[in-house]
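Predicted model, so just to flag it, every value in this text is computed and none were measured. In listed order, ligands and their atoms are each counted from 1. Nothing fancy with the numbering, it's 1 onward along the sequence.
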Amino acid sequence: MTMESFIITGKQRLEGTIRVSGAKNSSLPLMAATLLAEGTSVLWETPDLADILHMRQVLENLGCVIHLGQDRQMSIDAASLRDFEVDERLMRTMRASNLILGPLLARCGRVRIAMPGGCAIGSRPMDQHLKGLKELGVRIRETHGYIEAAAERLRGADIYLDVPSVGATENIMMAAVLAEGTTRIHNAAREPEIVDLQNFLNKMGAKVRGAGLDVVKIEGTKRLTPAEHTVIPDRIEAGTHLVAAVMTQGDIQLENVIPEHLEPVIAKLRQAGALIEVEDDRMRVRHEGPVQPVDIKTMPYPGFPTDMQPQFMAMLACAGGTSIITETIFENRFQHVDELRRMGANIRAEGRTAVIRGTDKLEGSFVETTDLRAGAALFLAALAAEDVTVLEKVTHIDRGYENLLEKYQALGAKVKRMTPHHP
Ligand code: EPZ
């Protein structure tokens with residue numbers, strides 16, 4: 001990982017328009033789902049991100065032929081898969097590579113992947129993925145950090161998830177579409193990305209119903225055919241920009257958003273004093289004066305999203321009072337606390353709870369990105385801080401935010417990227 005940094009001069013009021021990119025967390029399962037059909041599918045609006053490039057490498061490693069058109073439409077030809085195994089290095093770099101499990105089992109009946117490693121925010125187990133696949137008739141062997149899975153024929157089942165896991169719901173959906181009989185996933189994740197996957201699978205000829213609710217029903221079919229699909233906008237990118245407007249007392253117009261995907265975020269921002277106008281696929285957010293403290297408890301969708309927790313902590317660090325944040329989804333998602341404290345934030349974290357006492361200003365500092373959304377939080381804090389902040393290891397941010405610097409320079413931010421020149 002190169003030591004690229006952002007140099008950010010704070011206190012610039014952001015004003016103008018940002019077009020939100022396609023959702024990373026929808027593009028990744030949709031790319032995996034193209035493995036289910038022997039032919040060429042096309043995905044529109046997949047964002048130009050490191051994680052998307054990574055999933056492309058995983059699919060090409062399996063034998064897919066992928067092209068990116070001049071309008072960034074991504075064509076994926078999955079007609080002839082040469083392998084059911086993915087190179088370990090590729091697997092370990094990105095956890096979401098595990099989304100090939102379901103489609104490969106449905107398509108080839110076999111798959112061998114390295115257990116994806118944990119990451120900064122938690123151990124990220126896969127027990128719910130494996131539990132669901134076993135109930136569809138998959139035999140699974142876990143040896144020396146590898147998962148070997150095989151099934152002559154997948155058969156539908158009633159599956160009860162212990163936790164509403166996004167990835168497990170997606171993997172089971174993608175396995176069940178070619179199983180014999182009906183599958184119901186109970187306690188399914190309800191995120192908009194699950195609905196987007198259902199819509200794409202049904203365009204391929206699948207029969208999936210109920211995504212977005214807590215029971216997803218899949219009637220197995222014999223074959224699927226390639227399809228075209230436009231990825232939904234990235235609700236977490238959009239939420240991050242809303243917080244940026246509040247933190248810089250700015251006035252930002254967002255284009256290409258689905259407001260109902262952001263309801264808990266909009267509600268909390270309004271509680272903090274933001275002025276938010278919603279109209280079709282656009283939103284306008286303005287803020288003047290102090291940020292009001294608010295309490296946040298992350299929950300599975302449609303609750304407050306864990307992926308917006310670090311960004312809100314940065315905002316509440318500058319609020320006019322004390323806020324409490326409870327992180328119920330991941331066991332270690334407070335990596336940004338120490339770095340925010342280096343900037344003068346008054347935060348105390350105990351277990352899954354953090355108490356944030358708002359200060360009237362943050363100081364520019366040298367800070368380090370530990371994971372994607374922690375990086376986003378520090379980026380936002382730097383925009384609001386006095387003086388200059390050097391934010392290091394920004395390749396984490398490049399995983400989830402397309403053209404971030406360009407988008408913010410257009411709003412008046414003074415930000416630039418610094419790549420160390422090796423002598
Ligand atoms: C997806 O990860 C997102 N990633 C994450 O976004 C997001 O934070 C997360 O959902 C929760 O919303 C993608 O969609 C690519 P989970 P995923 O399985 O599917 C536990 C970002 O910043 N769990 O819903 O891996 C797990 O430990 C990323 O874009 C099990 O116990 O999340 C966690 O505590 C970060 N067993 C909770 O469930 C399992 O088998 C939620 O995990 C699976 C998960």
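- Side chain to side chain, Thr248 and Gln12 fail the donor-acceptor criterion of an N or O pair below 3.5 Å.
- For the residue pair Tyr301/Glu193, the side-chain donor-acceptor check at 3.5 Å is not satisfied.
- Residue contacts with ligand 1 for Glu170 are absent, since no atom lies close enough (heavy atoms, distance under 4.0 Å).
- Considering His336, Arg333, Arg373 in turn, His336 is the only one that fulfils the side-chain hydrogen bond (donor to acceptor under 3.5 Å, both in side chains) rule with Gln309.
- To the nearest 0.5 Å, atoms CD (Gln128) and CD1 (Ile185) are separated by 12.0 Å.
- Per-residue contacts place Gly167 under 4.0 angstrom from the following atoms of ligand 1 (heavy atoms of the residue considered): 18 (O), 19 (O).
- With Arg95, Met94, Arg124, Met126 as candidates, the residue nearest to atom 2 (O) of ligand 1 on a non-hydrogen basis is Arg124.
- The single protein non-hydrogen atom nearest to atom 20 (C) of ligand 1 is Val163 CG2, 4.2 Å, given as residue, atom name and distance.
- Checking Arg184 against Tyr160 by side-chain atom types alone, no donor-acceptor pair falls below 3.5 Å.
- Counting only N and O atoms by type, the side chains of Thr419 and Glu4 include a donor and acceptor under 3.5 Å apart.
- Within the 3.5 Å criterion, the main-chain N or O of Val42 finds no donor-acceptor partner in the side chain of Ser75.
- Among Lys131, Glu237, Gln128, the residue whose heavy atom lies closest to atom 40 (O) of ligand 1 is Gln128.
- Checked against the 6.0 Å centroid threshold, Tyr408 and Phe379 count as a close aromatic pair.
- Scanning the protein for heavy atoms near atom 32 (O) of ligand 1, the closest one is Phe330 CZ, 4.3 Å.
- Near Arg373, meaning under 4.0 Å from one of its heavy atoms, ligand 1 places the atoms 21 (C), 22 (O), 29 (O).
- Annotation: Glu331 places no N or O atom under 3.5 Å from an N or O atom of ligand 1; distance criterion only.
- Backbone and side-chain nitrogen or oxygen atoms of Thr306 are examined, and none is located within less than 3.5 angstrom of a nitrogen or oxygen of ligand 1.
- Proximity of Pro125 to ligand 1, defined as any heavy-atom pair under 4.0 Å, is shared by backbone and side chain alike.
- Heavy-atom proximity to atom 41 (C) of ligand 1, evaluated over Val166, Ile329, Thr298, is greatest for Ile329.
- Looking at Leu28 next to ligand 1, no N or O pair under 3.5 Å apart turns up.
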